[in-house]
Amino acid sequence: MDDEEDLRDIMRRMLERRGSYLTLAAGDQDEATGICQEHPGKIDVLITDLTLPGASGGELAKTIRGMRAGIGVVFVSGLPKDIAVAKGEITEADVLVKKPFTADALLSAVNEALEKKDESS
């Protein structure tokens, strides 16, 4: 989930073309939670920006994790991971991909989130 439509579209294309993933896109927190409530199938990973209008990516992830137990999460941010951890926005165990990123970096982060999800199941 990202509030920037162009970035959402780029990430969707990266994942669908390079990773063969089916994606569901949301432009805000309400849309993302609505999709998670209404989508009948499995959702493996949430990708969310750390900074969202009216909420944080951490708050969204907490809400979605409550709705979809075991979902993997990838945070996207302009902040380096160590700074995001120091600010308390994410934990050291969370997966973060720093903007700007390549398709390979995004796919690697998704794969890492999937592996962590599988380990905790």
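Count residues from 1 along the sequence.
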Checklist entry - Would N111 and S108 count as a side chain to side chain donor-acceptor pair (under 3.5 Å) if you check the C-alpha gap in whole Å, the side-chain angles of each, and the deciding distance to 0.1 Å? => result CA-CA 5 Å; N111 288 328; S108 177; over 6 Å; no
Item to check | Residue pair K116, D44: steps toward the salt bridge (Lys or Arg N to Asp or Glu O under 4.0 Å) verdict | outcome: CA-CA 11 Å; K116 288 182 180 219; D44 292 309; over 6 Å; no
Spell out, as yes or no, whether a donor-acceptor pair under 3.5 Å connects the side chain of [X] to the backbone of [Y].
X	Y	answer
E31	G27	yes
D9	D6	no
E59	S56	yes
K81	E92	yes
R12	A25	no

Check whether any side-chain heavy atom of [X] lies under 4.5 Å from a side-chain heavy atom of [Y], and answer yes or no.
X	Y	answer
V74	V97	yes
V73	I64	no
L7	K99	yes
L106	L15	yes
S77	L96	yes
V110	Y21	yes
D28	L52	no
M67	T33	yes

Checklist entry - Between H39 and R68, is a side chain to side chain contact (heavy atoms under 4.5 Å, CB included) present by the stated rule, with each step listed? => result CA-CA 11 Å; H39 182 70; R68 298 273 180 160; 3.7 Å; yes
Checklist entry - Is L79 linked to V76 within one hydrophobic cluster, defined over Ile, Leu, Val, Met, Phe, Trp and Tyr using a side-chain heavy-atom separation of less than 4.5 Å? => result no
Checklist entry - Are L60 and L24 connected in the hydrophobic side-chain network, where two residues link if heavy atoms are under 4.5 Å apart? => result yes
Item to check | Shortest non-hydrogen contact from R65 toward I71 | outcome: CG-CG2, 3.9 Å
